Amino acid sequence: MDVGGRADRAVVRDALGVGVAVGLSGFAFGVTSAGSGLTLPQTCALSLLVFTGASQFALVGALAAGGSPFTAAAGAFFLGVRNAFYGLRLSQLLALPRAVRPFAAQWVIDETAAVALAQPTRRAARLGFVVTGLSLYILWNLTTLLGALGAEAIGDTDAWGLDAAGPAVFLALLAPMLKSRTERAVAGLAVLLGLGLLPVLPAGVPVLLAALAAPVVLWAEGRRKGQREGQGDAR
């Protein structure tokens, strides 16, 4: 029985499923980016060079709302920082040759990290990482191009309601990740901060301040846990 071959095929199947499902969202990014005023080369360059959907949507969303390039880039940067932490874990798991690491770093995102970390062996993790990264990178960039071309062809994206495509896709990708009470609390507080500050602060700044939701919730959780432990000791 070819147990190893079946295991590899299962990894490839799952990795391709993730790559195709998420890669199609590049169309929404292309539409959103073109609607925010970026040119076709600028839109495609973002997907080719940045290649992290949340940061890309944050950048063009802030620009579309009238934010400055600095605040838009800052918001995108802070969202992308999490990939550095993925890289620390994946570097140990994958143990890739030094010559390959700079190229592999481009593919360190939510989806490749999730697929790789879910595998039982280093071989399977490497296979899952490569297949997810390659399929997602190719499809994301292709659909970005198609979305941007489509947006240019139809003209005003707001008139078609396509300006909502980016936020809708972002929420669809985020929702399944909110599994614990703490994660849902962070997301809820971030939404309240972002929407509450939107009318009084320049575009892009509310996104940056919404990042304060995580430390606030974690502090509150730690304080509540300490109080429970204190009450337990008192008994």
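Bear in mind that the values here come from a model prediction, so they are computed numbers and not experimental data. Computed from heavy atoms alone, side chains included, the values below leave out hydrogens, waters and symmetry copies.
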Checking side chain to side chain contact (heavy atoms under 4.5 Å, CB included) for the pair Leu90/Leu117: CA distance, chi angles, key distance, verdict? CA-CA 8 Å; Leu90 290 176; Leu117 292 172; 4.2 Å; yes
Side chain to side chain contact (heavy atoms under 4.5 Å, CB included) between Ile109 and Leu136, intermediate numbers included: CA-CA 10 Å; Ile109 54 176; Leu136 182 49; 3.4 Å; yes
As a quick check of understanding, evaluate side chain to side chain contact (heavy atoms under 4.5 Å, CB included) for Leu94 and Arg101, giving each step before the final call. CA-CA 10 Å; Leu94 302 178; Arg101 291 177 187 176; over 6 Å; no
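The backbone N or O of Ala95 sits less than 3.5 Å from a side-chain atom of Arg126, completing a donor-acceptor pair. Between the Tyr137 side chain and the Leu48 main chain, a donor and an acceptor come within less than 3.5 Å of each other. Looking only at distances, no side-chain donor or acceptor of Thr52 sits under 3.5 Å from a matching main-chain atom of Gly80. In this structure, Gln56 contributes its side chain and Phe51 its backbone to a donor-acceptor pair below 3.5 Å.
Inter-residue side-chain proximity for Leu46 and Phe29 is flagged as met; some heavy-atom pair is nearer than 4.5 Å. Counting heavy atoms from C-beta on, the side chains of Val11 and Val131 never come closer than 4.5 Å. A 4.5 Å side-chain heavy-atom check between Leu24 and Trp140 finds every atom pair outside the cut-off.
Taking the six-membered ring for Trp and thresholds of 30 and 60 degrees, Trp107 and Phe129 have ring planes inclined between 30 and 60 degrees apart.
Residues satisfying the side chain to side chain contact (heavy atoms under 4.5 Å, CB included) criterion with Val115, sequence neighbours excluded, are Ala15, Val18, Gln119, Thr132. For Arg82, the side-chain hydrogen bond (donor to acceptor under 3.5 Å, both in side chains) partners two or more places apart in sequence, or in a different chain, are Asp110. Evaluation of the side-chain hydrogen bond (donor to acceptor under 3.5 Å, both in side chains) rule for Gln42 yields Thr39 as partners, not counting sequence neighbours.
In this structure, Cys44 and Leu145 approach most closely via the heavy-atom pair SG-CD1, 3.8 Å. Closest of all the heavy-atom pairs between Thr182 and Glu221 is OG1-CD, 3.7 Å. Residues Tyr86 and Val108 share a closest heavy-atom pair of CB-CG1, 3.6 Å. The shortest non-hydrogen separation linking Thr43 to Ala34 is OG1-N, 4.1 Å.
With rounding to the nearest 0.5 Å, the separation of CG in Leu59 from OG in Ser33 is 8.0 Å.
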